[in-house]
Amino acid sequence: MSKIANVWVFSDVESRQAEVLAGARELGEVVSAFVIGTDGDVAKAYAQGADKVYLLGARETSRIVEDYADTMAKAISEAADSALILLPGTRCCKALASLLGVKLKAGVVTEAYDVTVEDGGVTGKRMVYGGLAHGQEKVASPFAVMVVSGGVFAPESEDAARTGETINVEFVAPKAAIKCLERQPKQATQVDLGKAKRIVSIGRGIAKKEDIAMAEALGAAIDAELGCSRPIAESEKWLEQERYVGISGVMPKPELYLALGISGQIQHMVAANSAQVIVAVNKDKNAPIFQYADYGIVGDLYKIVPALTAAFGEK
């Protein structure tokens with residue numbers, strides 16, 4: 001696979017920065033990272049693979065990520081005539097990608113699970129029609145913006161001795177900015193399912209929020225993170241968005257994926273199917289998930305899950 005001359009990266013989430021930097025090093029010759037923060041954040045970017053760091057200044061509570069679109073677009077366009085901009089699939093970076101696409105007149109591909117460079121062009125592969133088909137989109141514009149799903153690139157080992165050129169960038173204020181009046185910490189447990197080796201995931205088979213504790217107990221017994229299907233996170237809002245496994249959520253690659261009360265719709269299984277082993281528990285013997293499962297248990301999860309927890313707890 002050939003490489004593109006210049007790749008730019010940015011991540012608003014610290015845990016995803018290492019991934020996009022690893023991808024940038026795989027795809028590009030020169031890797032430039034936008035960083036908002038301190039000298040320590042700059043050093044972190046170098047350790048994770050950046051050749052150059054464009055420092056956007058200290059974090060300003062009055063600014064949102066999208067406010068930096070003009071600043072980034074100006075720096076990118078002044079540095080090169082063409083480039084790949086690589087972003088993680090967070091909500092803020094998706095919004096930023098659309099703005100960069102407009103300002104750089106760049107093609108934008110979101111939810112990419114594979115990115116390649118051939119003959120100077122950038123191609124992204126993504127799921128379409130709710131996961132029923134695969135789409136391949138080649139960006140013909142000089143600048144290309146790729147928003148990648150979690151787990152697409154494996155982070156490299158950090159090298160604290162790495163360094164490079166740091167460029168201080170002057171902030172370019174957007175013409176119409178959203179005014180941030182107040183920030184409140186998100187009341188949620190921070191989790192990165194993309195790094196989990198084992199996941200216990202719950203679906204509609206869980207009758208009420210209080211019963212999630214049953215799945216948590218099983219997860220604790222086998223040292224697994226807790227995940228869920230889309231309705232649990234988006235409709236019921238019983239768990240954080242970061243725990244939603246699906247085509248528009250997290251696409252993990254665990255050693256074990258234990259699905260409790262999950263029917264197995266295609267948009268969920270596209271993400272879960274990368275697990276090495278899938279174990280399903282569902283009272284409906286005709287549930288689609290049994291077509292994907294390596295092991296299946298047909299029965300009441302309210303009886304089976306406590307029994308599994310007890311069995312693993314004895315070991």
Taking only distance into account, with no hydrogens and no angle test, what donor-acceptor pairs under 3.5 Å do side-chain atoms of residues 55-62 form with protein atoms, sequence neighbours excluded?
from  : atom 1 : to    : atom 2 : distance (Å)
Arg59 : NH2    : Ile36 : O      : 3.2

Show which side-chain atoms of residues 90-99 pair as donor or acceptor with protein atoms under 3.5 Å away, not counting sequence neighbours.
from  : atom 1 : to     : atom 2 : distance (Å)
Thr90 : OG1    : Asp12  : OD1    : 2.7
Thr90 : OG1    : Cys93  : N      : 3.2
Arg91 : NH2    : Gln241 : OE1    : 3.4
Lys94 : NZ     : Glu111 : OE2    : 2.5
Ser98 : OG     : Ala95  : O      : 2.6

Show which side-chain atoms of residues 127-154 pair as donor or acceptor with protein atoms under 3.5 Å away, not counting sequence neighbours.
from   : atom 1 : to     : atom 2 : distance (Å)
His134 : ND1    : Tyr113 : OH     : 2.7
Ser141 : OG     : Gly107 : N      : 2.9
Ser141 : OG     : Phe143 : O      : 2.6

Under 3.5 Å, side-chain donor or acceptor atoms of residues 212-222 against the rest of the protein: list the pairs with distances, not counting sequence neighbours.
none

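Lys74 and Glu170 are not joined by a salt bridge, as no carboxylate oxygen comes within less than 4.0 angstrom of a charged side-chain nitrogen. Looking at Glu225 and Lys195, no side-chain N of the basic residue comes within less than 4.0 Å of a carboxylate O on the acidic one, giving no salt bridge.
Minimum heavy-atom separation, Asn6 to Ser82: ND2-O, 3.9 Å. Looking at every heavy atom in both residues, Pro252 comes nearest to Val245 through CD-CG1, 3.9 Å. Closest approach of Val35 and Ala45 over heavy atoms only: CG2-CB, 3.9 Å. Taking each heavy atom of Tyr54 and Ala79 in turn, the nearest pair found is OH-CB, 4.1 Å. The two residues Tyr292 and Ile266 have their closest heavy-atom pair at OH-CD1, 3.6 Å. Looking at every heavy atom in both residues, Ile247 comes nearest to Ala271 through N-CB, 4.2 Å.
Taking CE from Met269 and OG from Ser229, the interatomic distance works out to 11.0 Å, rounded to the nearest 0.5 Å. Separation of atoms NZ (Lys197) and CG (Asp223) is listed at 9.0 Å; rounding is to 0.5 Å. Distance CG/Leu308 to CG/Leu260: 8.0 Å, rounded to 0.5 Å. The distance from atom CE of Met72 to atom OG of Ser32, rounded to the nearest 0.5 Å, is 12.5 Å. Atom CD of Glu240 sits about 8.5 Å away from atom CG of Leu226, to the nearest 0.5 Å. Rounded to the nearest 0.5 angstrom, Leu87 CG and Trp8 CH2 are separated by 12.5 Å.
The hydrophobic cluster containing Ile202 also contains Val305, counting ILVMFWY residues as joined when their side-chain heavy atoms lie under 4.5 angstrom apart, directly or transitively. Residue Phe312 is grouped with residue Tyr295 when hydrophobic side chains (ILVMFWY) are merged at heavy-atom distances under 4.5 angstrom, including chains of intermediate members. Following chains of ILVMFWY side-chain contacts shorter than 4.5 Å, one cannot reach Phe10 starting from Val20, and the two form parts of different hydrophobic clusters. Connection of Ile76 to Val172 is not established within any shared hydrophobic cluster, with ILVMFWY side chains joined at heavy-atom distances below 4.5 Å, either directly or through further cluster members. One hydrophobic cluster holds both Leu258 and Val277 under the rule that ILVMFWY side chains link at heavy-atom gaps under 4.5 Å.
A donor-acceptor pair is defined here as one N or O able to donate and one able to accept, closer than 3.5 Å; no such pair exists between the side chain of Thr166 and the backbone of Val53. Using a distance-only test at 3.5 Å, with no hydrogens or angles considered, no donor-acceptor pair links the side chain of Ser274 to the main chain of Lys253. Tyr244 places no side-chain N or O within donor-acceptor distance of the main-chain N or O of Pro231, the cut-off being under 3.5 Å. Remark: side-chain polar atoms of Asn273 are not paired, donor with acceptor, to backbone N or O of Val270 under 3.5 angstrom. The backbone N or O of Thr110 sits less than 3.5 Å from a side-chain atom of Arg126, completing a donor-acceptor pair. Checked by atom type and distance alone, the side chain of Asn282 never pairs as donor or acceptor with a backbone atom of Val298 at under 3.5 Å. Checking side-chain atoms of Arg243 against main-chain N and O of Cys228 turns up no donor-acceptor pair under 3.5 Å.
Pairs passing the ring-ring contact (aromatic ring centres under 6.0 Å, His included) check and including a residue from residues 256-291, sequence neighbours excluded, read Tyr257-His268. For residues 159-182, the pairs satisfying ring-ring contact (aromatic ring centres under 6.0 Å, His included) are Tyr68-Phe171, with sequence neighbours left out.
A search for side-chain contact (heavy atoms from CB on, under 4.5 Å) contacts involving Ile297 returns Val281, Ile304, not counting sequence neighbours. Residues that satisfy the salt bridge (Lys or Arg N to Asp or Glu O under 4.0 Å) test with Arg162, not counting sequence neighbours, are Asp51. Not counting sequence neighbours, the partners of Asp70 by the salt bridge (Lys or Arg N to Asp or Glu O under 4.0 Å) test are Lys103. Legend: residues meeting salt bridge (Lys or Arg N to Asp or Glu O under 4.0 Å) with Asp67, ordered by chain and number and at least two apart, are absent. For Lys208, the salt bridge (Lys or Arg N to Asp or Glu O under 4.0 Å) test picks out Asp211, with sequence neighbours left out. In this structure Val7 satisfies the side-chain contact (heavy atoms from CB on, under 4.5 Å) test together with Ile4, Val9, Ala24, Leu84, Leu86, sequence neighbours excluded.
Heavy-atom neighbours of Glu236 CD from other residues, nucleotides or ligands within 6.0 Å: above the threshold of 12.
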Exercise. So Glu26 and Lys3, salt bridge (Lys or Arg N to Asp or Glu O under 4.0 Å) or not? Walk me through it.
Worked result: CA-CA 8 Å; Glu26 180 181 322; Lys3 290 190 174 184; over 6 Å; no
For this session: Could you check Gln17 against Leu21 for side-chain contact (heavy atoms from CB on, under 4.5 Å), going step by step and ending with a plain yes or no?
Result: CA-CA 6 Å; Gln17 179 174 279; Leu21 278 169; 3.7 Å; yes
For this session: For the pair Gln276 and Glu255, evaluate side chain to side chain donor-acceptor pair (under 3.5 Å) and give the outcome as yes or no after the intermediate values.
Result: CA-CA 5 Å; Gln276 294 180 25; Glu255 296 173 359; 5.1 Å; no
For this session: Could you please spell out the steps behind the side chain to side chain donor-acceptor pair (under 3.5 Å) verdict for Gln48 and Glu156?
Result: CA-CA 7 Å; Gln48 292 176 340; Glu156 298 180 356; over 6 Å; no
